Visitor: 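The structure is given below, and queries will be raised subsequently.
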2 protein chains.
Amino acid sequence: MFETQKIYKTYEQIALRIREAIASGELKVGERLPPEAELARQFGVSRPTVREALKVLEALNVLESSTGPAGGTYVKELDYLGVADYLKDSLRLLLSVEVVTLEDLISAREAIEIPAVGQAALKRNQDDLHALLKTLEEGEAKDFDALISDLPFHRAIAVASKNQIFSLFMSSIHMTVQTLTRRYVMPEAKETSQAQHWKIYEAILNGNKEEAEVQMKEHLHFAYHEVYQQAIPRRESFKGTGLS
Amino acid sequence: MFETQKIYKTYEQIALRIREAIASGELKVGERLPPEAELARQFGVSRPTVREALKVLEALNVLESSTGPAGGTYVKELDYLGVADYLKDSLRLLLSVEVVTLEDLISAREAIEIPAVGQAALKRNQDDLHALLKTLEEGEAKDFDALISDLPFHRAIAVASKNQIFSLFMSSIHMTVQTLTRRYVMPEAKETSQAQHWKIYEAILNGNKEEAEVQMKEHLHFAYHEVYQQAIPRRESFKGTGLS
DNA sequence: CTAATGCTATTTGTTTGACAAAAGTGGCCT
DNA sequence: AGGCCACTTTTGTCAAACAAATAGCATTAG
């Protein structure tokens with residue numbers, strides 16, 4: 001058995017070294033990297049090579065750049081939002097080639113959100129309850145879109161669960177589902193959905209894990225049958241992009 | 001309220017257009033893009049700019065390049081493995097800045113794997129059972145590492161669940177946990193773990209969803225207490241990378 | 001004295017052109 | 001026929017310059 005060692009290209013090595021510098025704490029979040037020209041000098045490569053490495057790390061949500069004297073390249077704060085965004089795009093692509101289905105998304109959502117709401121019921125604090133209440137009130141206000149008002153509430157639950165992995169998975173799945181469903185749903189569906197939100201909130205307020213999980217399950221099943229069942233796959237057309 | 005529209009840089013626009021071409025089916029998986037020089041001509045930009053766009057898409061696991069006449073840039077096949085790899089790296093970074101903890105990973109794993117094994121018990125077919133059996137036998141054979149032999153079994157369960165989102169989430173979490181835990185565990189722990197694997201397999205074989213879930217829960221709790229509890233955060237030292 | 005305005009320096013963004021390296025392809029020599 | 005070598009295509013890297021954006025500073029007008 002021959003170990004075929006991966007040969008890294010120069011720009012990959014640079015990207016790797018910068019990533020290691022971040023992982024090791026040598027470069028901290030928010031810190032500014034030397035200018036590209038200086039980096040090129042330090043690494044002993046040309047600026048385009050450094051730039052390719054930087055672009056890779058920007059794509060991976062690790063760095064961000066801007067022009068100007070106060071600009072430059074900075075180590076981006078690492079939160080789950082950037083990752084969720086990438087995950088959403090990937091899921092959408094996986095969906096488009098049909099290796100995952102809407103049903104898969106729904107059942108993954110159930111797998112995540114039911115334990116999440118259980119944890120939320122146990123770990124919620126005053127801030128969480130306040131945040132949840134706020135999303136509920138705002139949900140009452142805007143009567144036009146049940147799906148849009150759905151996300152903040154569920155997001156707040158994930159936050160209350162104190163597990164950012166739940167937030168991450170939940171957000172990406174929810175965003176993916178949203179790109180697939182109509183922006184418009186029946187007013188009655190919205191009312192039922194909102195009433196269920198209140199029940200879930202009550203269970204969380206009371207710290208009742210089991211009740212919260214039961215209510216969430218019911219809510220998700222309702223959402224699936226009444227809303228997502230009528231989901232219409234968005235047909236996309238991006239002709240004429242200039243590629244042969 | 002002023003709508004501050006995002007200004008895209010040239011290379012971002014190029015990356016976007018290529019992505020759209022893929023999403024719309026204009027560029028299919030496995031297809032070869034024109035050479036960089038030709039792309040530059042078509043888009044009316046310079047080659048370095050095109051390259052930066054391509055590097056971004058390579059980083060996002062959408063394209064891959066190689067040199068030579070038969071080389072060039074190809075649209076990469078989209079499977080969950082590449083995404084899982086990215087997710088693993090991200091989780092590891094999130095872990096390093098302590099926005100997620102080992103406990104978060106464990107509880108997310110439970111959230112995913114218990115429903116996954118339930119689905120597997122319902123949907124498994126002959127191929128799945130055969131694959132599971134194979135991982136079990138191989139697990140018996142190699143006596144050196146319980147953690148390594150753990151992954152294939154759990155992966156096979158995710159496959160049997162017929163939901164690639166479970167596979168994706170499970171793999172990334174499992175890989176992340178692995179980078180944190182000792183490579184070495186007690187032989188007794190390994191034996192218990194293997195015995196639990198067999199019980200899970202039996203439940204899946206019998207199509208007994210509830211039993212499979214119960215056994216999995218027990219297995220995960222055991223793994224957590226007996227194995228991961230003694231996890232030692234890997235201290236990394238990447239000094240002298242040449243960054244000031 | 002203050003506030004607006006424009007200048008300047010710094011840094012990323014983009015272009016041009018060239019050469020290096022890798023890797024199939026085909027022909028030539030044995 | 002088989003192996004070796006040169007050629008061709010394509011990505012990878014380098015170099016030097018200019019363009020664009022932007023923050024800070026100085027200058028000037030009110």
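All values derive from a computational prediction rather than experimental measurement. To find a chain, count down the sequence lines: A is the first, B the second, and so on, and within it residues start at 1.
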Visitor: Does a side-chain N or O of T49(A) approach OP1 or OP2 of dC14(D) to a distance below 4.0 Å, or not?
Guide: yes

Visitor: L33(A) has an atom CG; how far is it from atom C1' of dT10(C), in whole Å?
Guide: 16 Å

Visitor: With a 4.0 Å cut-off on heavy atoms, is G71(B) in touch with a base, just the backbone sugar-phosphate, or nothing at all?
Guide: nothing

Visitor: So, OP1 or OP2 of dT10(C): does either fall under 4.0 Å of a side-chain N or O from T67(A)?
Guide: no

Visitor: If you compare every side-chain N and O of T73(B) against the phosphate oxygens of dT11(D) (OP1, OP2), does one of them come in below 4.0 Å?
Guide: yes

Visitor: So, the side chain of K162(B) versus the backbone of K123(B): is there a donor-acceptor pair under 3.5 Å, distance only?
Guide: yes

Visitor: Among dT13(D), dT10(C), dT14(C), which nucleotide has an atom closest to any side-chain atom of T10(B)?
Guide: dT14(C)

Visitor: Mind running salt bridge (Lys or Arg N to Asp or Glu O under 4.0 Å) on R41(A) and E38(A) for me, showing each step along the way?
Guide: CA-CA 5 Å; R41(A) 198 190 59 72; E38(A) 174 63 15; 2.9 Å; yes

Visitor: Once you round it to whole Å, what is the distance between C1' of dT11(D) and CD of E52(A)?
Guide: 10 Å

Visitor: In whole Å, what is the span from the NZ atom of K9(A) to the C1' atom of dA20(C)?
Guide: 14 Å

Visitor: Between the side chains of K55(A) and E58(A), is the shortest nitrogen-to-carboxylate-oxygen separation below 4.0 Å, so that they form an ion pair?
Guide: yes

Visitor: From CD of E38(B) over to C1' of dT11(D), roughly how many Å is that when rounded to an integer?
Guide: 15 Å

Visitor: Could you tell me the separation between the OH atom of Y74(A) and the P atom of dT10(C), rounded to a whole number of Å?
Guide: 15 Å

Visitor: Without decimals, in angstroms, what is the distance between I14(B) CD1 and dT15(C) P?
Guide: 8 Å

Visitor: For the side chain of R32(B), counting heavy atoms from C-beta on, which of dT11(D), dA23(C), dT10(D) is nearest?
Guide: dT10(D)

Visitor: In whole Å, I'd like the distance from the CZ atom of R47(A) to the C1' atom of dC18(D).
Guide: 11 Å

Visitor: Does dA23(C) have its OP1 or OP2 closer than 4.0 Å to a side-chain nitrogen or oxygen of S66(B)?
Guide: no

Visitor: Check whether any side-chain N or O of E31(B) sits under 3.5 Å from a backbone N or O of K28(B) as a donor-acceptor pair, and report yes or no.
Guide: yes

Visitor: Given dA23(C), dA23(D), dT11(D), which nucleotide is nearest the side-chain atoms of P69(B)?
Guide: dA23(C)

Visitor: Expressed in angstrom and rounded to an integer, what is the separation of E64(A) atom CD from dT12(C) atom P?
Guide: 13 Å

Visitor: Evaluate the ring planes of H197(A) and H154(A), with Trp represented by its six-membered ring, and classify them as parallel (under 30°), tilted (30 to 60°) or perpendicular (over 60°).
Guide: perpendicular

Visitor: Of the listed nucleotides (dT12(C), dG12(D), dT11(C)), which one gets closest to any side-chain atom of E36(A)?
Guide: dT12(C)

Visitor: Using a 4.0 Å heavy-atom cut-off, does P35(A) contact any base of the nucleic acid, only the sugar-phosphate backbone, or nothing at all?
Guide: sugar-phosphate

